[in-house]
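Structure record follows, encoded as structure tokens.
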Amino acid sequence: MRYLRRAVAAAFILVAAPFVAACADGESGGTSDGDAASRLVIETRAGPQTFTVELADTDETRRTGLMFRTELAADAGMLFDFGDSRIVTMWMRNTPLSLDMIFITEAGRIAHIAENTVPGSEALISSRYPVASVLEVNAGVVAARGIAVGDRVVHPIFAEDDQSANSP
């Protein structure tokens, strides 16, 4: 009988552990692979604008992005790292928040901005130019903080040598 109770307890732990981990991850607002948030700064004419960003740098985290999130802190965002430059298209499928999308070159310069995206839309939003990353922030942040095409973005994914580049 004692062995049966241990077997049932062990089976419960094996079944419940992934569920508890999934719930905890969803509540924390962290990325699905547990990556810690990092600091990102956009150098604007109005001065430096600082964000705490989650990095989406795997196929899974890029595919999921901010889907199903109902809240995003005012100074938070998600930085999608594609690794190399190319024309990037994004969409808002299963994303209940309206977002501003900031398309960034390998050199850390903003090449294009899509403001106030439509929640849940499957319309494709293009970078228009080859970019290596996209920063998603709450809708209205770009206008409120004076973020513009050509501004410099400082984050570890952008090579230190590239940070001095003057063109997008």
Side-chain angles (χ1 to χ4, degrees), residues 22-158 163 167-168:
C23 289
D25 190 40
E27 292 171 359
S28 71
T31 60
S32 60
D33 59 1
D35 285 344
S38 59
R39 184 173 181 257
L40 177 143
V41 177
I42 301 176
E43 296 176 348
T44 71
R45 288 186 181 181
Q49 304 299 315
T50 304
F51 298 89
T52 300
V53 297
E54 297 174 52
L55 188 60
D57 60 353
T58 66
D59 288 341
E60 180 59 27
T61 57
R62 284 189 296 264
R63 184 175 26 258
T64 307
L66 292 172
M67 285 183 175
F68 307 107
R69 302 266 185 107
T70 56
E71 293 181 2
L72 185 64
D75 65 342
M78 180 167 280
L79 181 61
F80 294 76
D81 182 4
F82 294 99
D84 57 1
S85 287
R86 60 180 175 247
I87 301 287
V88 171
T89 54
M90 307 285 281
W91 64 5
M92 295 292 292
R93 175 188 278 177
N94 298 320
T95 307
L97 298 171
S98 180
L99 301 170
D100 288 345
M101 293 183 187
I102 302 168
F103 296 89
I104 309 164
T105 68
E106 284 183 59
R109 293 288 175 171
I110 297 176
H112 176 63
I113 299 171
E115 295 183 65
N116 301 307
T117 59
V118 178
S121 173
E122 293 189 13
L124 296 180
I125 302 164
S126 174
S127 64
R128 296 186 185 173
Y129 309 98
V131 297
S133 62
V134 178
L135 173 63
E136 291 182 342
V137 295
N138 284 306
V141 166
V142 165
R145 295 195 184 200
I147 297 168
V149 169
D151 286 349
R152 185 176 142 196
V153 181
V154 180
H155 186 272
I157 69 166
F158 305 112
Q163 291 296 311
S167 61

Kindly say whether Thr50 contributes a backbone atom to a donor-acceptor pair with the side chain of Arg145 at under 3.5 angstrom? yes
Can you confirm whether Val134 sits close enough to Val88 that some side-chain heavy atom of one is under 4.5 Å from a side-chain heavy atom of the other? yes
So, taking the atom named CZ in Arg109 and the one named CZ in Phe158, what distance separates them when rounded to the nearest 0.5 Å? 11.0 Å
Side chains of Met92 and Glu122: does their closest heavy-atom pair fall under 4.5 Å? no
Output for pair (Met78 CE, Thr61 OG1), nearest 0.5 Å, gives 7.0 Å
Taking the six-membered ring for Trp, are Phe80 and Phe82 parallel (under 30°), tilted (30 to 60°) or perpendicular (over 60°)? parallel
Rounded to the nearest 0.5 Å, the OG1 atom of Thr44 sits from the CZ atom of Arg152 at a distance of 12.5 Å
Main-chain N/O of Thr117 paired with Ser98 side-chain donor or acceptor, under 3.5 Å: yes
Which heavy atom of Leu99 sits nearest to which heavy atom of Glu136, and what is that distance? CD1-OE1, 3.6 Å
If you take all heavy atoms of Ala111 and Thr105, which pair is closest and at what distance? CB-CG2, 3.9 Å
Do Leu135 and Ile110 have side-chain heavy atoms sitting under 4.5 Å apart? no
Give the intermediate values and the outcome of side-chain contact (heavy atoms from CB on, under 4.5 Å) for residues Ile42 and Leu40. CA-CA 7 Å; Ile42 301 176; Leu40 177 143; 3.7 Å; yes
Using a 4.5 Å cut-off on heavy atoms from C-beta on, say whether the side chain of Asp100 contacts that of Asn138. no
Any side-chain heavy-atom pair of Phe103 and Met90 under 4.5 Å: yes
Do Val154 and Glu43 come within less than 4.5 Å of each other through their side chains, counting heavy atoms only? yes
For Ala114 and Ile125, which heavy atoms make the closest approach, and how far apart are they? CB-CG2, 3.6 Å
His112 versus Val131: any side-chain heavy-atom pair under 4.5 Å? no
Thinking salt bridges, do Arg69 and Glu54 make one under a 4.0 Å N-O criterion? yes
The criterion is salt bridge (Lys or Arg N to Asp or Glu O under 4.0 Å); which residues satisfy it with Arg86, sequence neighbours excluded? Asp84
Reported CD1-to-OG distance for the pair Ile102 and Ser133, which is rounded to 0.5 angstrom: 10.0 Å
Closest heavy-atom contact between Thr52 and Ala37? CG2-CB, 3.4 Å
Residues at least two apart in sequence or cross-chain that pass salt bridge (Lys or Arg N to Asp or Glu O under 4.0 Å) with Arg39, listed by chain then number, are none
Check whether any side-chain heavy atom of Ile157 sits under 4.5 Å from a side-chain heavy atom of Asp57, and report yes or no. no
For the residue pair Ala74 and Val141, what are the closest heavy atoms and their distance? O-CG2, 4.3 Å
Closest non-hydrogen contact found for Asn116 with Gly140 is OD1-N, 3.6 Å
Side-chain donor/acceptor of Thr95 to backbone N/O of Leu97, under 3.5 Å: no
